[in-house]
Number of protein chains: 2
Amino acid sequence: MWGMQPMSPAPDDAVSPGQAALARTDPRLPLHARLREVIAERVRAGEWAPDQPLPAESTLVAYYDVSLGTIRRAFRDLVEEGLLERRQGSGTFVRRASLTASLFRFFRFGTAGDGFPQSRILSIARQVGTQTITSALGLEAGSEVLHLHRLRLYEEKPVLVEDIWLPLPLFEPMERIGQDDLGDLLYPLYERTCGQIVAAATEELTVDVATAGDALLLQCARHDPVVVIDRVARSHDATPLEYRRSRGLARTFRYRIDLR
Amino acid sequence: MWGMQPMSPAPDDAVSPGQAALARTDPRLPLHARLREVIAERVRAGEWAPDQPLPAESTLVAYYDVSLGTIRRAFRDLVEEGLLERRQGSGTFVRRASLTASLFRFFRFGTAGDGFPQSRILSIARQVGTQTITSALGLEAGSEVLHLHRLRLYEEKPVLVEDIWLPLPLFEPMERIGQDDLGDLLYPLYERTCGQIVAAATEELTVDVATAGDALLLQCARHDPVVVIDRVARSHDATPLEYRRSRGLARTFRYRIDLR
DNA sequence: AAGTGGTCTAGACCACCAC
DNA sequence: TGGTGGTCTAGACCACTTG
């Protein structure tokens with residue numbers, strides 16, 4: 001057998017939709033890679049919510065007509081890729097982004113207290129996106145976006161100044177959110193109000209010097225070094241959902257990396 | 001059977017040394033994890049040189065008395081961990097560190113030319129290690145170390161100033177190396193002259209402002225922002241081999257990270 | 001108790017590499 | 001040509017989670 005579907009009418013049964021989907025993938029690839037693609041496609045299409053289990057291994061074995069080991073290999077690769085997570089006894093689930101690895105974690109704060117970072121929204125308004133903004137969000141030049149300006153504090157002391165831009169047809173509900181509902185965590189809010197789930201992000205770190213505005217908000221001197229973090233957050237199907245630019249005092253920044 | 005070795009005298013044969021080594025590991029762990037530990041230990045002990053293949057799967061199946069799938073799982077995890085690499089048709093090998101992911105890659109240079117970075121050794125001398133240096137290298141306070149001072153350039157323009165400290169009984173041959181032999185790549189030189197293989201490194205990135213010395217060597221103004229990279233390089237058995245501090249112009253620095 | 005993923009085994013054929 | 005790792009299958013039992 002072995003990765004081949006009989007193209008002539010099978011004597012016993014018609015091909016299942018699963019086998020048909022597999023047949024549409026590149027036949028030069030190993031079966032586990034083709035299976036992985038098919039499943040990843042279904043996940044990205046939003047077929048399963050993050051809290052709902054995917055079909056069990058045994059179900060998929062029958063549906064795609066592959067062996068258990070092949071299903072497990074595909075799942076293992078998808079877990080490694082970060083798309084799925086598996087819990088013994090419960091099932092296989094679409095993974096929410098945790099984003100705990102964010103560069104934001106690498107700002108050391110005055111005391112080693114375990115308090116939560118706080119947020120203060122300074123303004124929220126529509127604007128016409130600049131070239132930088134629209135190209136980061138994959139929009140046409142001149143598109144309207146929603147702009148949030150906020151300050152992040154830790155134990156009452158300012159740590160980061162953030163500008164956040166959201167594509168507008170999609171994030172209209174955010175405009176009508178009261179200041180009080182704009183808590184510390186934006187991503188769960190995006191999911192609740194706009195049904196948009198942040199699955200991944202790319203951050204880029206550079207160093208600049210403080211502008212007059214930075215100096216005022218971060219309580220530092222002009223021309224003090226600041227770290228700039230540019231982030232583009234995306235959904236599972238890679239649609240840009242948010243463009244964010246954060247500026248923080250370089251003096252409090254420290255980043256570690258392990259090389260092999 | 002199943003992860004159990006008969007403790008009473010077996011009727012057919014004595015246990016092999018491989019089975020004995022497995023028996024010494026934590027029996028609560030899955031067999032593939034125990035096997036992985038045993039093999040990692042042999043690699044770290046230096047049993048195989050980086051260019052010499054490990055025993056074939058089939059050999060290890062007999063030696064450890066486990067199934068092929070279990071060997072493959074252990075190998076796969078060790079590849080993922082970065083200790084081994086596998087080449088179809090050739091064998092399984094101990095991996096040399098490439099360290100191409102080094103933060104040095106993240107300095108943008110004036111032109112997008114594909115020239116190689118160059119090095120210029122400014123000095124090389126013994127010194128008594130400071131507390132920072134000896135603790136980074138895991139030496140006793142007051143130990144002697146070898147200090148290299150060098151400048152890294154790209155297309156004739158200075159990019160990084162580096163201070164490098166090496167533990168001294170181990171790296172004595174480096175002291176007698178002529179300036180001409182101190183080419184661009186230090187790690188192959190360590191292997192050739194001192195038999196020390198760098199397998200991993202930890203880097204820590206912070207931001208500072210240029211000292212008078214930085215300004216002179218990097219051709220910038222005092223108090224310009226600089227990026228500081230602290231690196232500790234280690235052998236496969238985690239012995240610190242090198243402590244290095246690099247300083248480069250923050251203006252030319254850019255770092256990207258993908259979050260999931 | 002039922003269902004899920006996790007571990008382990010055994011055996012087959014394929015694709016690649018070096019001699 | 002012989003040996004290596006890569007893919008695929010089939011089937012067993014274990015450990016965990018949920019009801």
Side-chain angles (χ1 to χ4, degrees), chain A residues 1-6 18-19 22-23 25-39 43 48 51-80 83-95, chain B residues 1-6 18-19 22-23 25-39 43 48 51-80 83-95:
Chain A
M1 295 297 135
W2 246 94
M4 293 291 296
Q5 271 74 42
Q19 292 165 51
L22 262 184
T25 59
D26 188 340
R28 294 167 304 180
L29 262 42
L31 189 49
H32 65 79
R34 302 168 65 187
L35 185 57
R36 170 186 165 164
E37 257 182 45
V38 168
I39 295 174
V43 169
W48 300 284
D51 295 314
Q52 174 191 11
L54 269 65
E57 292 176 340
S58 55
T59 309
L60 294 172
V61 161
Y63 185 72
Y64 289 112
D65 189 29
V66 297
S67 97
L68 180 62
T70 305
I71 293 276
R72 294 186 61 75
R73 170 71 189 264
F75 271 176
R76 185 182 164 152
D77 287 347
L78 288 169
V79 166
E80 213 166 290
L83 201 63
L84 300 181
E85 64 188 11
R86 312 196 75 185
R87 293 196 285 273
Q88 184 174 162
S90 318
T92 303
F93 300 84
V94 176
R95 196 173 145 281
Chain B
M1 293 297 134
W2 245 94
M4 293 290 296
Q5 272 72 40
Q19 292 164 50
L22 262 183
T25 59
D26 189 341
R28 293 168 302 180
L29 263 42
L31 188 50
H32 65 79
R34 302 168 67 188
L35 184 57
R36 170 187 165 164
E37 259 182 44
V38 168
I39 295 173
V43 169
W48 300 284
D51 295 315
Q52 174 191 9
L54 269 65
E57 293 176 340
S58 55
T59 309
L60 294 172
V61 161
Y63 185 72
Y64 289 111
D65 190 29
V66 296
S67 96
L68 180 62
T70 305
I71 294 275
R72 294 184 60 75
R73 170 70 189 264
F75 270 177
R76 183 181 166 155
D77 287 347
L78 288 169
V79 167
E80 211 166 292
L83 201 62
L84 301 180
E85 62 187 12
R86 313 196 75 186
R87 293 197 285 274
Q88 184 175 160
S90 313
T92 303
F93 301 84
V94 176
R95 192 171 148 284

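Quick note: numbers below take in every heavy atom, side chains included, and nothing from hydrogens, waters or symmetry partners. Model, not experiment: these values are computed from the prediction. Just so it is clear: chains get the letters A, B, ... in the order the sequence lines come, proteins before strands, and each one is counted from 1.
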Point to revise | A/Thr92/A/Val79 under side-chain contact (heavy atoms from CB on, under 4.5 Å): CA gap, chis, key distance, verdict | key: CA-CA 9 Å; A/Thr92 303; A/Val79 166; 5.9 Å; no

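The CZ-C1' distance, from B/Arg34 to C/dC8, rounds to 13 Å in whole Å. B/Leu84 has its CG atom 13 Å from the C1' atom of D/dG5, to the nearest Å. Protein atom CG of B/Asp65 is 12 Å distant from nucleotide atom C1' of C/dC8, rounded to whole Å. Rounded to whole angstrom, the span from the CZ atom of A/Arg28 across to the C1' atom of C/dA15 amounts to 16 Å. Put simply, NE2 on B/His32 is 13 Å from P on D/dA15, counting in whole angstrom units. Atoms CD (B/Glu85) and C1' (D/dT4) sit 15 Å apart, rounded to a whole Å. Atom-to-atom, CG of B/Leu31 to P of D/dA15 comes out at 14 Å; the value is rounded to the nearest Å. Between A/Glu57 atom CD and D/dC14 atom C1' there is a gap of 14 Å when expressed in whole angstrom units.
Comparing C/dC8, D/dG5, C/dT4 by their nearest atom to the side chain of B/Gln88 picks out D/dG5. Comparing D/dC8, C/dG5, D/dT4 against the side chain of A/Pro30 picks out D/dC8 as the nearest.
Under the rule for a side-chain hydrogen bond (donor to acceptor under 3.5 Å, both in side chains), the partners of A/Thr25 that lie at least two apart in sequence or sit in another chain are A/Arg34. Every residue two or more places apart in sequence or in another chain that forms a side-chain contact (heavy atoms from CB on, under 4.5 Å) with A/Pro55 is listed here: A/Trp48, A/Thr59, A/Leu60. Contacts of B/Asp26 classified as side-chain contact (heavy atoms from CB on, under 4.5 Å), with partners at least two apart in sequence or in another chain: B/Arg28, B/Leu29. Considering only residues two or more places apart in sequence or on other chains, B/Gln88 meets the side-chain contact (heavy atoms from CB on, under 4.5 Å) condition with none of them.
Checking the phosphate oxygens (OP1, OP2) of C/dG6, a side-chain nitrogen or oxygen of A/Arg86 falls inside 4.0 Å. Checking the phosphate oxygens (OP1, OP2) of D/dG5, no side-chain nitrogen or oxygen of B/Ser90 falls inside 4.0 Å. For C/dT4, the OP1/OP2 oxygens have no side-chain nitrogen or oxygen of A/Thr92 closer than 4.0 Å.
Position along DNA chain D of the nearest nucleotide to A/Ala33 versus A/Gly89 favours A/Ala33 as the more 5'-ward residue. Residue A/Ser67 is the one, among A/Arg87 and A/Ser67, whose nearest nucleotide of DNA chain D lies closer to the 5' end (criterion: closest heavy atom).
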Sequence neighbours left out, cut at 3.5 Å: what donor-acceptor pairs do the side chains of residues 70-77 of chain B make with other protein atoms?
{"from": "B/Arg72", "atom 1": "NH1", "to": "B/Glu57", "atom 2": "OE2", "distance (Å)": "2.4"}
{"from": "B/Arg73", "atom 1": "NE", "to": "B/Asp77", "atom 2": "OD2", "distance (Å)": "3.3"}
{"from": "B/Arg76", "atom 1": "NH2", "to": "A/Asp77", "atom 2": "OD1", "distance (Å)": "2.8"}
{"from": "B/Asp77", "atom 1": "OD1", "to": "A/Arg76", "atom 2": "NH2", "distance (Å)": "2.8"}

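When every heavy atom of A/Ser90 is checked against every heavy atom of A/Pro53, the shortest pair comes out as O-CB, 4.5 Å.
Within residues 68-78 of chain B, the residues that have a heavy atom under 4.0 Å from DNA chain D are, in order of number, B/Arg72.
A 3.5 Å limit on both hydrogen-bonding distances identifies no Watson-Crick or G-U partner for C/dC19.
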